[in-house]
Protein chains: 2
Amino acid sequence: MRTGKTGRRPGRSGSRERILEAARQRFADHGYDGASIRAIAADADVDPALIHHYFGPKQRLFVAAVELPIDGRDIAPLLSSGPREETGERFARFFLSIWEDPRPRASLSGMLRSAITDAGAAAMIRELLLVRILGPAVAALGVGDPELRVTLLGSQVIGLALLRYVLVVEPLASASLDTVVGAFAPTFQRYLVEPLGP
Amino acid sequence: MRTGKTGRRPGRSGSRERILEAARQRFADHGYDGASIRAIAADADVDPALIHHYFGPKQRLFVAAVELPIDGRDIAPLLSSGPREETGERFARFFLSIWEDPRPRASLSGMLRSAITDAGAAAMIRELLLVRILGPAVAALGVGDPELRVTLLGSQVIGLALLRYVLVVEPLASASLDTVVGAFAPTFQRYLVEPLGP
DNA sequence: TCGAGAATTCAACAGTCGTGGAACTCTACA
DNA sequence: TGTAGAGTTCCACGACTGTTGAATTCTCGA
């Protein structure tokens, strides 16, 4: 609602929501550093100072925009239910079902991109993805070496997300869901429940 | 050699080499955007304008600093030699031997970090890592679905490198070489030579 | 009806960034 | 010895960054 004039606008303007939406998009596309407050403000058709008024410093806007829609405790029962030799496939389908949905994808993309450059966000990905989400899920399976398994799993999960959803590398990006599940399920199966050693 | 005075220095100063070294380090630690010309110049104890004098715009400095020390044609014969059921392990050992060496690691880290944020570098990782390095290696094996296999392989390679070397996530980062080989070799084996489908 | 406070913008500050030009000094070769 | 050119610095430009303070206009409860 940029009328060029100062002062409050009549009625409900929805600026706050537009800011969050624009921030999610920018963070997803350009990462933390690449997404400037001014660009987000322009997308939301709003003055940069308004963003600061609502959210304070940039870091706070980031955590407000990129809030994780997944709870690790949802995964644990899903993995434990059903035959153990299909654990990897269940995990693959669950993981992909989240990323196929465009809304969480923007948040997750933002996290992933930002984690690579920003040191604080790197700690965040460790904390959120590995400790809070994958950690409990693996722990609930009661297998040996849970910490190592979490990182193995994380390495494949992040690599897959990066190539298929963030960088959009073909032919992986356009491969059908069943193809992707078929390709990655055995890998997840090994990292989750099968013996690791050489 | 910052004497505070202008003009050429006597003797060989090695500025060019120091600039490249500093650039590699900065790009590795902070990615393309995060590594400023000025910071690189400070590390190399040199005026920022000298960097521009040698390498032109920043993009040219990046490709000069981050030059890949691997040739895809070196990998192909290595993968083909030896028993086929150990192909994945040979690949794992080769791949890890490169990253364990600190010099290429800096270059590769820089590429990886930059590829996530900078759009041009994303195309570069696709071109260099996937097309020029993993592509020929997989093609030489004469298996079906080579393009898909390259991206599967790439997803695990990048995820592993990211967690173990770039983000340094424990316990993967400190795990012994044999542990890592043991954990990932079967995955690589599947992506390289074994049937994929569900 | 009045006043507190929410919403919004403008203008500006102090940084940082990449890059270009001009000037200076040394080297290498004719 | 003279001179073209490589190496090097300083300075400045214009653009962009996150953030702050003040001013303005609207809303809502007392």
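Just so it is clear, the model here is predicted, and its values are computed rather than measured. Lettering of chains follows the sequences in order, A, B, ..., and the numbering in each one begins at 1.
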For C:dA7, does OP1 or OP2 lie under 4.0 Å from any side-chain N or O of A:Ser13? no
So, for B:Trp99 and B:Arg105, which heavy atoms are closest and what is the spacing to 0.1 Å? O-NE, 2.8 Å
What's the closest nucleotide to the B:Ser15 side chain, out of C:dG20, D:dT19, D:dT8? D:dT8
For B:Pro57 and A:His53, take the nucleotide of DNA chain C holding the closest heavy atom to each; which residue's nucleotide lies nearer the 5' end? A:His53
Its contact letters, B for base, S for sugar-phosphate only and - for none at protein heavy atoms under 4.0 Å, make nucleotides 22-30 of chain D read -BBBBS---
Can we say B:Arg38 and B:Asp47 salt-bridge, meaning some charged N sits less than 4.0 Å from an Asp/Glu carboxylate O? no
Under 4.0 Å between a side-chain N/O of B:Tyr54 and OP1 or OP2 of D:dA6, yes or no? no
Spacing of B:Ile37 atom CD1 relative to C:dG20 atom P, expressed in whole Å: 11 Å
Between B:His52 and C:dG20, does any side-chain N or O lie under 4.0 Å from OP1 or OP2? yes
Is the shortest distance from a Lys or Arg side-chain nitrogen in A:Arg18 or A:Asp45 to a carboxylate oxygen in the other one below 4.0 Å? no
Looking at A:Arg24 and A:Asp43, is any side-chain nitrogen of the basic one under 4.0 Å from a carboxylate oxygen of the acidic one? no
Residue B:Lys58, side-chain atoms from C-beta onward, closest of C:dG18, D:dG18, D:dC10: C:dG18
Both conditions, 6.0 Å and 45 degrees, for the charged tip of A:Arg16 above the ring of A:Tyr54: are they met here? yes
Whole Å only: how far is the CZ atom of A:Arg16 from the C1' atom of C:dT8? 15 Å
Could you state the atom-to-atom distance from CG of A:Asp45 to P of C:dA7 in whole Å? 18 Å
Measure from CG on A:Asp33 to C1' on D:dC16 and round the result to the nearest Å. 14 Å
Check the orientation of A:Phe62 and A:Phe27. Use parallel for under 30°, tilted for 30 to 60°, and perpendicular for over 60°. perpendicular
Result of checking A:Leu153, A:Leu152, A:Val193 against A:Val138 for side chain to side chain contact (heavy atoms under 4.5 Å, CB included): A:Leu153
Nearest listed nucleotide, side chain of B:Ala49, among C:dG21, C:dC10, D:dG18: C:dG21
Grab the NE2-C1' distance between B:His30 and C:dC17 for me, whole Å please. 16 Å
Tell me the interatomic distance from A:Arg60, atom CZ, to D:dT19, atom C1', rounded to whole angstroms. 14 Å
Roughly, in whole Å, what's the span from CD1 in A:Ile51 to P in C:dA6? 19 Å
With the side chain defined as heavy atoms from C-beta on, A:Asp47 is closest, among D:dT19, C:dT19, C:dT9, to C:dT9
Distance in angstrom units between B:Leu50 CG and C:dG21 P, rounded: 17 Å
Would you say A:Ser36 reaches D:dC16's phosphate, i.e. side-chain N/O to OP1/OP2 under 4.0 Å? no
No-H, no-angle donor-acceptor pair, A:Arg38 side chain to D:dG18 base, under 3.5 Å: yes
Under the rule for salt bridge (Lys or Arg N to Asp or Glu O under 4.0 Å), what residues qualify as partners of A:Glu100, not counting sequence neighbours? A:Arg164
